[in-house]
Structures are given as structure tokens and as C-alpha cells.
> 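Here you go, one structure.
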Amino acid sequence: MPQHMPLLQTMKAALLRNSTHHLVLVLLLGVCAGIAPASGSGGRWDLLQRSIGVSAMHMQLLHNDRVIIFDRTDFGQSNLSLPDGRCRRNPRERVLPVDCTAHSAEYDVASNTFRPLFVFTDTWCSSGTVAPDGTLVQTGGWNDGYRNVRTMPACAEDDGDTCDWDETQDALAQNRWYATNQILPDGRAFIVGGRRQFTYEFYPKADPTDTSVISLPFLIQTKDPEENNLYPFVHLNIDGNLFIFAKNRAILLDYRKNKIVRTYPILAGGDPRNYPSSGSSVLLPLKPSPTEAEVLVCGGAPAGSYNSTKDGTYASALVTCGRIKITDPTPSWVIETMPSPRVMGDMILLPNGAEVVIINGAMDGTAGWEAANTPAYAPLIYRLDHSPGDRFEEESSTDTARLYHSSAVLLRDGRLLVGGSNPHMYYNFSNVQYPTELSLEAFSPEYLDPSNDMLRPTIVDPSPTGAPVSVTYGAPLTLQFSVPASTGAPPSIGVVSITMVAPSFTTHSFAMNQRLLFLDVVNTAALAQTGTYQTSLVMPATAALAPPGYYMVFVVNEHIPSEGIWVHIQ
Ligand SMILES: *[C@@H]1O[C@H](CO)[C@@H](O)[C@H](O)[C@H]1NC(C)=O
Ligand SMILES: *[C@@H]1O[C@H](CO)[C@@H](O)[C@H](O)[C@H]1NC(C)=O
Ligand SMILES: *[C@@H]1O[C@H](CO)[C@@H](O)[C@H](O)[C@H]1NC(C)=O
């Protein structure tokens with residue numbers, strides 16, 4: 001669908017929708033702003049669960065194909081009971097000293113089922129990393145959970161309901177509420193910022209009694225008028241240094257020497273991009289043996305937007321993205337414009353390595369309670385191989401508002417799991433315009449459309465349902481895959497590439513630790529059986545390119561990815 005469709009067509013498209021809400025929105029924006037926010041037709045939405053009982057504020061896919069979901073313990077009673085009459089009795093809890101409901105759940109993708117999990121202290125607005133052994137290491141939170149670390153393993157089929165969170169009190173050196181994590185080449189988590197914390201630290205610590213932190217003046221220089229610098233965007237560059245973006249600019253930090261090795265210019269316009277002006281950011285897909293890396297930052301909200309919501313004014317969100325080559329010694333931002341403004345959009349790399357999806361969020365306001373008014377129902381696709389000005393496409397809409405405290409993660413089957421949204425201080429299931437969302441949806445990008453079935457590769461060896469494949473750095477790997485053969489015609493095989501994707505810890509519109517690498521394909525050859533191929537590839541050479549842990553590997557034929565397999569690189 002063209003980005004600027006005529007208004008009449010826009011109206012027709014809107015009339016086809018059954019939601020009057022959309023119609024009003026489309027008409028208003030079509031007339032007032034002169035842009036066409038009508039949703040396109042690409043991709044598909046499916047409701048997976050009407051209620052999982054908790055709101056998906058934070059999500060992480062583990063290598064058992066289960067997604068760990070949690071919100072916060074002081075929202076009041078969730079809609080999911082703890083099993084076996086269990087209750088949480090915590091005198092330090094602010095809202096319910098005795099709470100028999102769960103605030104975390106484990107969602108099993110294959111069976112589309114979920115079970116409650118038990119978190120003891122408050123995980124509100126926290127961060128996380130998957131350790132090299134595949135355990136989710138969640139850090140920080142609020143109140144009684146400020147400095148706690150909680151771990152959740154990838155439970156096995158026969159672990160039953162006893163497999164649950166484990167918690168360490170005061171394992172962090174400082175309170176980490178709204179901090180960002182990035183896994184390092186040595187497998188530790190780099191944890192930076194948080195409310196009024198202009199520092200970073202590492203976890204795990206060689207000495208558990210180590211309470212040292214390292215100050216990062218950049219976070220003070222870029223803090224907001226409320227003395228905060230929350231959820232900065234962090235990416236591990238290919239040289240092992242950390243790209244850290246806050247407010248409207250970025251630095252490249254050598255965390256080993258605590259030295260700033262590069263300072264990036266201000267993103268044009270100077271508007272803030274991190275919380276509460278929550279835009280989002282991705283490290284774009286890396287080529288095999290890369291010499292360059294690029295970051296794309298999209299959306300956000302002008303300074304002052306949060307305050308103005310308090311008197312009922314919802315300023316339009318930012319409509320621009322900035323793209324920068326972070327490896328360039330004299331880098332500059334290239335500005336691109338989205339078809340519609342967005343704040344609180346989640347940016348997720350699609351496994352074909354050719355597209356980024358921007359999903360969830362709002363067209364006005366900011367992050368924060370009751371601070372956005374117009375949900376962004378249609379995801380955007382950003383096509384990396386299109387020319388600037390022609391990269392965005394608006395996809396089909398959901399009718400569920402996913403505002404503050406919503407999230408999205410990529411699944412191994414190529415779908416996105418989308419959940420959460422709670423713009424209120426408590427769980428508010430009724431009598432509010434945008435109730436606390438307990439549902440889970442799947443967004444299937446266009447590559448999953450049956451019209452692409454003839455191109456779709458299927459990995460046959462190693463088996464996608466088998467145990468993760470153990471690999472080492474620079475090691476060869478051989479994959480066999482098939483492509484459907486139609487009668488009388490050879491199978492449709494084009495450019496075959498292999499991608500490797502680190503599953504993200506997503507919260508507050510930022511997918512921490514997200515990373516996509518194209519692997520070096522040495523050779524792809526047809527096997528005797530029609531439609532079956534063998535491809536030999538080489539794993540990334542260093543842990544700076546791919547920190548140790550579990551990744552999904554996909555075969556991509558043209559732009560159509562297979563279902564992934566799990567690999568474990570160490
Ligand atoms: C809460 O769960 C019950 C089923 O246990 C369901 O009927 C109800 O609709 C749920 N409420 C919400 C707001 O999802
Ligand atoms: C928002 O309001 C607070 C409290 O009144 C004030 O301290 C702060 O400077 C304001 N922020 C902006 C960006 O204007
Ligand atoms: C949400 O629920 C809480 C607790 O039940 C209630 O006090 C509050 O007024 C509700 N908020 C809104 C915006 O209705």
C-alpha cells in the first residue's frame with residue numbers, strides 16, 4: 001500500500017474495519033494532518049490468549065521456546081492465582097501485604113499455554129539478560145526489589161511446576177529501577193543507569209560483596225529536567241565497545257578502561273528519545289565478519305510532552321528516525337521519516353535480516369501513567385534494502401491498544417509475540433479507556449503469508465525440535481534444508497542466507513541484547529533428493545560479535561525465513 005493513499009481510499013479502507021474507533025481516528029488524522037495513517041494489509045494478527053492474568057510488561061524468550069513474562073508485585077491483585085493456595089506474605093510490599101496472585105507467568109509457545117510463576121519482591125521497570133548458560137538473569141526493580149537479582153532457568157518438560165524464580169537479595173551495588181542491560185563478550189551483564197543512578201556496574205561480580213560502581217558523567221549531561229536518565233539505549237559494537245544513547249546523542253564507551261572512545265553528534269532536532277520520551281533503537285543486522293555497524297533510532301516525544309499531558313494536552317510523537325554508522329570515525333545521523341508519529345514503539349529485527357518492525361505504542365503523549373491518548377494500532381516495517389524515502393510500509397492493524405508497559409518479542413517460528421499495556425497505576429480492568437491488557441497476540445509478518453510457502457525453507461537437519469546445537473567461535477556448521485517442489489517445476493531457490501538472532505529482553509519499548517548476524521555461507525549445494533540442500537557456514541569469529549549464549553539460526557530464501565533452530569555458542 002502506498003504511504004500516501006488518497007483520503008477517499010483511506011475512508012474506504014477504514015469503513016471496511018469494524019471498529020468505529022479506527023474510523024474516527026483515520027478521518028481525523030487524514031483531514032487534520034494530511035498523512036495517511038490507515039493501516040496497510042501486510043501481516044496478520046491472531047489473538048493467542050484473551051487473558052494470561054498478568055500484563056506483559058517484560059518478556060524474554062528462552063531456548064525451551066517458553067517466554068518468561070512479568071509485570072510488578074505492587075499493582076494489586078492480578079487475574080492469575082498462585083498455585084496450591086500459595087500466597088506471598090511480604091511485609092515490605094506496598095499494596096497487598098498478603099497477595100495470593102501471580103505477577104509473572106511462563107508462556108509455552110508450542111502448546112499456547114501458560115502457568116503462574118512466583119516472584120517475591122518488586123520487579124517493576126527492571127532489566128534483564130540471558131546468561132551464557134541460558135538462564136534469565138533479571139536485575140533490579142523497585143522498593144524491596146531495587147537491588148535484587150532474580151534468575152529463571154529454561155525449565156525442562158519434566159520439571160513440572162516446581163521450576164520457578166530464584167532470588168538473591170541486594171546482589172547489585174546500587175538501586176536499578178529503569179536501568180538497561182547489555183550482555184558482554186565475557187558473558188557478564190553491563191547494567192547502566194536507572195532512576196537517579198548515573199553509573200554502571202556488572203553482574204555477576206567476581207566478589208559478591210563488591211559494591212563498586214563506575215560513574216558515567218554522560219548520563220548527567222543528558223539527564224532530563226526531573227533528574228532522570230532512564231532506559232538508555234545500549235548496543236555492543238563490533239569492536240567490543242558499548243554504544244550508549246541517551247536523550248538526543250550517544251557515546252562509544254570502552255567499559256574496560258572507563259574511557260569514551262567516540263562522541264556522536266546530536267540527532268537532528270535535538271528531541272529526546274529515551275524514557276519517558278520513549279522511542280526505540282536497534283543495532284542493524286551485521287554482515288559476516290563485519291567491518292561496519294549501524295544503529296537506527298526511531299520515534300520518541302518532544303521535550304515537555306510528559307508535563308503537558310498533565311493538563312490534557314497530548315503532543316504529537318516524533319515522526320523521525322536517525323540512522324548512524326557507529327563504526328565511522330566521523331559519523332553523522334541520516335534522518336528518515338516514518339509514515340506516522342510514534343512513541344513507545346518496540347523495534348524488533350525480523351529474522352530475514354531485511355526488515356525491522358516497529359510495533360505497539362502511541363501516536364501522541366509519552367510513556368507514563370495516563371500519558372498517551374492515541375494508540376498506534378498498525379506496525380511499521382522498515383525495509384533495509386529499499387532506498388531512503390521508500391523504506392517504510394504500514395502493516396495491518398490490531399484493535400488492541402498497546403500503550404505504556406506493552407512489549408513484543410520474536411519467536412523461533414518467525415512470529416512476534418505481543419502483549420501487555422497498562423497505562424494505569426494499578427491493574428484497572430474496567431471503567432478506563434485503555435484497560436490493563438492481559439491478552440497475548442501474535443503478529444505474523446508478511447513472510448509467513450501462505451503466498452510465500454513455495455519459497456519457505458524448512459531446516460531438516462539439525463532438527464528444529466531437537467536439542468540446541470553446541471557450536472564454538474569460528475567453527476563450521478552444516479545445515480540441511482528443503483524447499484517445496486511444485487509439480488513439473490524445480491524448487492524456487494534464490495539467494496540463500498543464514499541469520500543468527502539473539503532473543504531480546506523487551507521492556508519499555510527497548511529490546512535489550514537484541515542482535516542479528518548474517519553468517520558466512522561457504523557453499524550451498526543441492527542434494528540428490530529434489531528440493532533438499534546442504535549449506536556450510538561459519539560461526540562468528542569472536543564473542544564481541546556474538547556474546548556467548550543461545551541464538552536462533554534461520555535459513556532465509558530470498559526474504560523468506562525458515563523456522564529457526566537453537567544454537568548455543570560458547
Ligand atoms: C480474569 O480471568 C477470568 C477467568 O479466570 C476471566 O473470565 C476474566 O475475563 C479475566 N479478566 C480479565 C480482565 O481478563
Ligand atoms: C515538568 O514539571 C516538573 C514539576 O513541575 C518540573 O520540575 C520539570 O522541569 C518539568 N519538565 C519539563 C521538561 O518542562
Ligand atoms: C484503578 O484501580 C485502582 C484500584 O482499584 C483505583 O483506586 C483507581 O481509581 C483506578 N484508576 C482509574 C484510572 O480508574
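Atoms within each ligand, like the ligands themselves, are counted from 1 in listed order. The shown structure was predicted, so the numbers you read here are calculated from the model rather than taken from an experiment. Below, each value reflects all heavy atoms present in this structure, side chains not excepted, and no hydrogens, waters or symmetry copies. Starting from 1, each residue takes its place in the sequence as its number.
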> Could I get the full list of salt bridge (charged side-chain N to carboxylate O under 4.0 Å, His left out) partners for Arg92, not counting sequence neighbours?
none

> Numbering the atoms of ligand 3 from 1, which are under 4.0 Å from a heavy atom of Val432?
12 (C), 13 (C), 14 (O)

> Counting from 1, what ligand 2 atoms have a heavy atom of Asn307 closer than 4.0 Å?
1 (C), 2 (O), 3 (C), 8 (C), 10 (C), 11 (N), 12 (C), 14 (O)

> Quick one: disulfide bond (SG atoms under 2.5 Å apart) pairs with a partner in residues 63-95, sequence neighbours left out?
Cys87-Cys100

> Using a 4.0 Å cutoff against the non-hydrogen atoms of Tyr426, which atoms of ligand 3 qualify?
3 (C)

> Any chance the rings of Tyr231 and Phe510 have centres within less than 6.0 Å?
no

> Does anything in residues 422-431 pair up under side chain to side chain donor-acceptor pair (under 3.5 Å), and if so which pairs, sequence neighbours excluded?
Asp71-Tyr427, His103-Tyr427, Glu370-His424, Asn422-Thr436

> Fit a plane to each ring of Phe443 and Trp45, take the angle between them on a 0 to 90° scale, and name the class: parallel (under 30°), tilted (30 to 60°) or perpendicular (over 60°).
tilted

> Which distance, rounded to the nearest 0.5 Å, do you find between the CE of Met552 and the CG of Leu61?
5.5 Å

> Name the orientation class of the two ring planes belonging to Phe70 and His58 (parallel below 30°, tilted from 30 to 60°, perpendicular beyond 60°).
parallel

> Heavy-atom cut-off of under 4.0 Å around ligand 1: list whichever protein residues fall inside it, by chain and number.
Arg50, Ser51, Asn79, Phe429, Leu438

